[in-house]
Amino acid sequence: MSEQRYDARAIEARWQRVWADERTWEVTNEAGGRDAVQSSYVLEMLPYPSGEPHIGHLKCYAVGDAIAHFRRRTGHRVLHPMGYDAFGLPAENHAINTGVHPRESTAVSIASFQRQFRAWGISIDWSRELATDEPEYYRWTQWIFLELYRSGLAYRKDAAVKWCPTDQTVLANEQVVDGRCERCGAEVEVRQLEQWFFRITDYAERLLRDLDEIDWPEHVKTMQRNWIGRSEGAEVSFTCEELGIVYPVFTTRPDTLFGATFFVLAPEHPDLMRLAAGTPYERDVHEYINHALTESNEERGAAERPKTGVPLGRTVTNPVNGEQLPMYVADYVLMEYGTGAIMAVPAHDERDYEFARAFDLPIHRVIADADGGDDDALPFTGDGPLVNSHKDFDGLPNREALERIVDWLQRESKGHATVSYRLRDWLISRQRYWGCPIPVVYCDGCGLVPLEADELPVQLPDIEDYAPKGRSPLAAAEDWVNTTCPVCGGRARRETDTMDTFVDSSWYFLRYCDARNDEAAWDPAVLREWMPVDQYIGGVEHAILHLMYARFFTKALADLDHLDFQEPFAALFTQGMITKDGAKMSKSRGNVVSPAAIVERYGADAARCYVLFMGPPDQDAEWSDEGVEGVYRFLSRLWRLTAETAQRLSADDADRRDWSGTLTAADLLDSAGEGPDLQLLRKTHWAIDKVSGDLRRFAFNTAIAAVMELLNDCSRLREAASAMTLAHALQNAGSLLSVFAPHLGAEVYERLTGERVWEAPWPQADPALLESDVHEIVCQVNGKVRDRVSASADADPDELKALCRSAANVRVHLEGKEIVKEVVVPGKLVNIVVR
RNA sequence: GCGGGCGUGGUGGAAUUGGUAGACACGCCGGCCUUAGGAGCCGGUGGGCGUAAGCCCUUGGAGGUUCGAGUCCUCUCGCCCGCACCA
């Protein structure tokens with residue numbers, strides 16, 4: 001009797017054993033490069049192993065695996081590897097609380113991830129598995145660091161940086177969201193510290209431009225464009241004559257230079273006290289600066305906050321007209337952007353306008369309304385002709401004047417055209433233990449000394465006390481810290497900061513290609529076969545951080561001749577979040593759905609199909625327990641009908657003979673005419689066509705729905721159709737479904753054909769079976785459906801018109817009316833327009 | 001404020017190029033089978049009117065283009081995401 005039940009657990013265990021024993025999903029590196037074989041690299045974002053995988057992982061791998069299977073079955077050699085982003089704070093914080101070494105707790109999590117990924121039946125090439133905390137891996141992370149250092153792309157600088165008081169470490173700009181630590185949510189502080197940076201800003205232009213070359217979702221590209229924040233403008237020099245200091249400012253509006261009426265420096269500007277010294281404002285400036293620096297970013301950044309500031313008691317000369325502009329310090333000017341100083345044009349800038357009103361400063365309009373008048377309220381930020389500027393420019397449309405003014409500044413050496421970016425250099429040092437050591441030492445004699453490649457890896461030592469104390473816990477490991485200088489042999493101390501874990505994940509996709517190479521990080525010839533990644537899959541939360549860093553690494557390494565491509569991920573797919581009770585799943589909310597529990601109860605195939613069936617995979621979707629059950633019922637029905645049909649097939653010798661698994665209309669026409677067999681055969685080929693098309697456009701939800709439709713027809717026609725036709729339909733259902741439900745797909749296929757579905761080519765729809773000889777034609781009168789008629793596929797428009805006019809309900813609606821027009825869409829509809 | 005996206009039954013969603021709105025599934029209702037069902041099978045299910053045939057309404061709202069609009073255009077309302085005093 002157990003034969004009659006769909007036993008997901010037994011079926012899944014059986015096939016997982018086959019795949020593990022036979023290493024089914026391993027691929028070798030072919031010497032021929034990617035032209036020789038159709039190679040395809042399908043990759044999901046590197047998981048951070050913490051506890052066990054959540055439902056988002058399941059969805060991500062269900063998507064990636066469907067793509068990987070589909071590509072394999074359509075003739076590609078597919079690289080589909082797995083690894084772990086194993087360094088990171090959660091394991092370290094756990095160590096602080098429990099004393100368990102992060103390496104141990106991470107290993108436990110990794111084992112749990114491995115177990116789950118196997119239980120889900122994901123087709124992974126396990127021979128390339130890696131973890132970023134292994135010395136065999138981070139040795140090469142350190143090597144890349146040194147390559148960047150030698151080319152000037154890694155450097156130390158003293159800067160105002162973001163410090164997370166909870167995590168006790170500095171953060172990159174990208175890791176601060178709304179003034180808070182992206183990881184723990186604590187409000188960040190600003191500290192002046194010397195830190196390690198990667199010069200990602202050198203790549204701003206290329207990171208922006210090359211977005212046009214890659215097949216990524218538009219919203220992700222937009223987010224990156226916003227983050228890079230390119231602005232074209234000019235740098236213009238203003239001079240404080242009294243002190244003889246030149247202040248360059250960046251402006252996107254050099255056309256408004258003649259309207260500048262004051263000048264503002266950021267509170268962090270280093271010259272402030274020097275400027276104010278000896279003026280009556282010295283004390284006020286001092287107080288203002290102190291106050292500004294104690295305010296949080298959030299307070300300062302508040303949009304509708306009234307403008308504040310203090311005069312400096314000095315003036316600068318406007319280079320275009322020699323006017324003396326009073327200088328101010330005000331916190332609406334940011335030190336991080338541009339030069340930390342601005343020329344203020346209140347007539348044409350909202351912020352400057354507010355400040356001018358608050359401080360009763362003059363407002364000089366220099367751009368007229370589009371029609372030349374001056375009726376529009378100030379500040380006027382639109383376009384119009386220049387006025388009150390200079391005889392050479394007055395009257396010119398401002399956009400044209402802008403260019404002429406920049407040319408003129410350039411000739412006069414008062415300024416030049418330039419481009420400014422919002423993107424900042426990537427701060428990569430962290431004052432924490434569980435990360436990749438930075439491979440440099442500080443020698444008493446030689447100063448900062450980078451290690452040589454053959455001295456790598458700098459191993460992370462074991463320590464007793466993980467608690468951060470404002471500096472890396474590594475600083476307390478005296479035996480490790482004290483070393484000798486590789487240059488002079490003298491006393492030296494190791495760098496005790498570790499790298500941001502985003503460094504580890506910025507190149508792992510390269511390592512997979514050549515994961516066991518212990519001579520080099522990779523062999524460029526091997527990379528040529530697989531890179532760039534053909535399809536990358538992951539959450540949109542990495543739209544800026546990981547995806548920008550990985551692109552930067554790829555470009556930098558290409559410039560250093562280690563790679564011969566510019567973009568790591570040719571195509572990107574971002575899957576939507578699965579929510580529960582309308583919110584993101586989280587332990588604190590108590591709305592977490594455990595994939596392990598779902599797989600335990602319904603099987604991996606049902607769990608995988610459900611997360612894909614929920615809706616379009618790039619959209620967020622709400623979890624429903626009833627939904628999984630529905631999919632489970634569908635799989636059960638497929639299994640039962642397969643078992644029943646297999647039995648019928650073996651009992652019926654007539655149907656069994658010459659069974660090849662391929663049927664055509666001709667096979668069935670003489671025996672069955674237009675009966676149920678042909679109907680089912682047509683539906684089968686419709687499903688093949690539908691699923692193939694849907695897979696190409698990542699419409700997994702409708703692909704699964706199509707297999708459901710096919711199965712519904714199988715059920716409906718199971719008595720009427722022959723066992724052979726039914727078997728053909730079910731075999732194809734199993735074959736199509738195997739990209740989503742690989743275990744049951746394999747089981748169904750094997751039962752009906754004796755073959756392995758993953759070795760079978762992807763089914764091809766027979767075009768002759770996709771088109772029916774008879775079409776149902778919709779009959780509309782004035783655009784409203786009034787009847788339906790059937791017509792042969794080759795009926796000409798006049799026949800269709802006649803057919804429709806005579807349809808019973810159409811005649812009712814034509815009664816007493818005059819036919820004005822008839823529109824015919826062959827094979828679809830006829831619309832009769834009447835008056 | 002700027003940029004991007006989304007509004008379709010009780011619910012998740014489908015409709016690929018302007019051509020039958022609501023595929024598929026959940027839920028619900030009815031029936032069969034069963035000692036029993038949180039199992040299985042069959043049927044029904046956008047709203048309104050009607051015994052029925054059928055008619056009217058319906059894709060956030062208002063206009064428009066078209067023989068025909070969920071789809072295109074204009075305006076508008078609501079929600080979500082990203083950036084935000086970036087000069």
Side-chain angles (χ1 to χ4, degrees), chain A residues 4-5 177-178 217-227 229-231 233 249-253 256 264 266 300-305 307 330-334 336-345 348-352 354-355 381 420-423 540-541 543-544 610 613-616 618-631 633-634 636-637 640 690 693-694 696-697 699 701-712 715-716 776-788 808-809 812-813 820-825 827-834:
Chain A
Q4 295 309 306
R5 229 188 80 243
V177 177
D178 292 334
E218 205 46 52
H219 67 279
V220 175
K221 292 193 194 184
T222 304
M223 281 164 73
Q224 293 216 349
R225 286 191 190 104
N226 286 346
W227 190 262
R230 182 184 199 274
S231 311
V249 300
F250 175 75
T251 176
T252 55
R253 296 294 306 276
T256 63
V264 190
R300 254 186 83 173
E304 293 310 319
R305 144 186 246 240
K307 294 280 173 287
D331 66 5
Y332 80 94
V333 175
L334 309 175
E336 308 96 85
Y337 187 77
T339 59
I342 62 157
M343 65 163 194
V345 185
H348 305 290
D349 181 281
E350 284 176 29
R351 296 150 301 173
D352 297 344
E354 271 181 56
F355 191 87
T381 53
S420 185
Y421 301 91
R422 209 185 71 101
L423 183 69
V540 73
E541 65 272 19
I544 293 170
Y610 177 59
F613 183 66
M614 291 171 89
D618 57 333
Q619 277 174 35
D620 291 352
E622 169 76 10
W623 179 267
S624 146
D625 289 331
E626 292 77 17
V628 212
E629 284 194 43
V631 172
R633 282 201 288 268
F634 156 65
S636 301
R637 277 202 306 277
R640 273 200 311 272
K690 173 77 176 154
D694 284 355
R696 276 188 279 273
R697 60 188 185 104
N701 53 334
T702 51
I704 292 169
V707 182
M708 287 175 169
E709 282 196 55
L710 175 59
L711 182 67
N712 287 346
S715 289
R716 194 167 53 81
E776 188 184 56
I777 304 295
V778 169
C779 307
Q780 296 183 334
V781 178
N782 285 348
K784 285 190 157 72
V785 180
R786 294 305 180 188
D787 216 331
R788 284 151 227 265
N809 197 39
V812 174
H813 288 272
V820 180
K821 188 175 177 180
E822 284 166 307
V823 181
V824 181
V825 181
K828 286 244 162 153
L829 65 76
V830 175
N831 186 15
I832 303 170
V833 185
V834 298

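Just so it is clear, the values below take in all heavy atoms, side chains as well, and ignore hydrogens, waters and symmetry mates. First the proteins, then the strands, lettered A, B, ... as listed; each starts at 1.
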Check: A:D349 and A:I342 side chains under 4.5 Å, non-hydrogen atoms
no
Is there a side-chain contact between A:T256 and A:M343 (heavy atoms, below 4.5 Å)?
yes
State whether the side chain of A:Y610 and the backbone N or O of A:D625 hold a donor-acceptor pair below 3.5 Å, judged by distance alone.
no
Please answer whether the main-chain N or O of A:N809 pairs with a side-chain N or O of A:D787 as donor and acceptor at a distance below 3.5 Å.
yes
When you check the phosphate oxygens OP1 and OP2 of B:A14, does a side-chain N or O of A:N701 lie under 4.0 Å from one of them?
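True: A:N701 side-chain N/O within range (under 4.0 Å) of B:A14 OP1/OP2.
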Which atoms of nucleotides 67-70 of chain B (N or O only) lie under 3.5 Å from a protein N or O atom, and what are those distances?
unit_1	atom_1	unit_2	atom_2	d
B:C67	O2'	A:N831	ND2	3.2
B:C67	O2	A:N831	ND2	2.6

Under 3.5 Å between N/O atoms: give me all the protein pairs with nucleotides 52-55 of chain B, atom names plus distance.
unit_1	atom_1	unit_2	atom_2	d
B:C55	OP1	A:R786	NH1	3.1
B:C55	OP1	A:N809	ND2	3.2
B:C55	OP1	A:H813	NE2	2.6

With A:W227 via ring pair (Phe, Tyr, Trp, His ring centres under 6.0 Å) - residues at least two apart
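For A:W227, no residue satisfies ring pair (Phe, Tyr, Trp, His ring centres under 6.0 Å) once neighbours in sequence are set aside.
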Considering residues at least two apart in sequence or located in another chain, which fulfil the ring pair (Phe, Tyr, Trp, His ring centres under 6.0 Å) criterion with A:F355?
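Per chain and number, A:F355 pairs via ring pair (Phe, Tyr, Trp, His ring centres under 6.0 Å) with A:F262, A:Y328, A:Y332, A:F359.
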Please tell me which of A:H219 and A:D352 maps to the more 5' nucleotide of RNA chain B, matching each residue to the nucleotide holding its nearest heavy atom.
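Closer to the 5' end of RNA chain B: A:H219.
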More 5' along RNA chain B: A:E218 or A:V825, using each one's nearest nucleotide?
A:E218
Sequence-distant partners of [X], side-chain hydrogen bond (donor to acceptor under 3.5 Å, both in side chains), two or more places apart:
{"X": "A:S715", "value": "none"}
{"X": "A:E629", "value": "A:Y602"}
{"X": "A:N701", "value": "none"}
{"X": "A:E622", "value": "A:T579"}

May I ask you to say what A:V812 touches in the nucleic acid, namely base, sugar-phosphate or nothing, with a heavy-atom cut-off under 4.0 Å?
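Nothing, no nucleic acid heavy atom in range.
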Which is true for A:K690 with a 4.0 Å heavy-atom rule: it touches a base, it touches only sugar-phosphate, or it touches nothing?
base
Nearest to the side chain of [X] - [options]?
{"X": "A:T222", "options": "B:G4, B:C83, B:C24", "value": "B:G4"}
{"X": "A:D331", "options": "B:C85, B:G13, B:A87", "value": "B:C85"}
{"X": "A:T252", "options": "B:A87, B:G19, B:A25", "value": "B:A87"}

Presence of salt bridge, A:K307 and A:E350, under 4.0 angstrom:
no
Evaluate A:Q780 against A:V785 for side-chain contact (heavy atoms from CB on, under 4.5 Å), listing each step before the verdict.
CA-CA 4 Å; A:Q780 296 183 334; A:V785 180; 4.1 Å; yes
For [N] and [M], measure between their [atom1] atoms and round to the nearest Å.
{"N": "B:U16", "M": "B:U71", "atom1": "C1'", "value": "12 Å"}
{"N": "B:A87", "M": "B:A14", "atom1": "C1'", "value": "49 Å"}
{"N": "B:U59", "M": "B:G22", "atom1": "C1'", "value": "9 Å"}
{"N": "B:C73", "M": "B:A69", "atom1": "P", "value": "16 Å"}
{"N": "B:G78", "M": "B:C72", "atom1": "P", "value": "22 Å"}
{"N": "B:U76", "M": "B:G30", "atom1": "C1'", "value": "45 Å"}
{"N": "B:A36", "M": "B:C56", "atom1": "P", "value": "48 Å"}
{"N": "B:A25", "M": "B:G13", "atom1": "C1'", "value": "8 Å"}

Listed partners of A:K690 passing salt bridge (charged side-chain N to carboxylate O under 4.0 Å, His left out), at least two apart
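By the salt bridge (charged side-chain N to carboxylate O under 4.0 Å, His left out) rule, A:K690 matches A:D694.
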How would you summarise protein contacts on nucleotides 26-46 of chain B per nucleotide, using B for base, S for sugar-phosphate only and - for none, with heavy-atom distances below 4.0 Å?
SS----------B-SS-----
Has A:E541 got more than 12 heavy atoms of other residues, nucleotides or ligands less than 6.0 Å from its CD?
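Yes - once you tally the heavy atoms of other residues, nucleotides and ligands closer than 6.0 Å, there are more than 12.
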Can you name the atoms? Protein N/O to nucleotides 9-12 of chain B N/O, anything below 3.5 Å, with the distance.
unit_1	atom_1	unit_2	atom_2	d
B:G12	O2'	A:M614	O	2.7

Round to a whole Å and report the spacing from OH of A:Y332 to P of B:A87.
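A:Y332 atom OH is separated from B:A87 atom P by 13 Å.
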Contiguous Watson-Crick or G-U pair runs (3 or more, under 3.5 Å) in RNA chain B
B:1-7 with B:77-83, B:10-12 with B:24-26, B:27-32 with B:40-45, B:46-49 with B:54-57, B:60-64 with B:72-76
Quick one: classify the glycosidic conformation of B:G9 as syn or anti, with syn meaning within 90° of 0.
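B:G9: syn.
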Please report the shortest heavy-atom distance between A:A266 and A:L334, naming the atom on each side.
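Closest approach of A:A266 to A:L334: CB-C, 3.8 Å.
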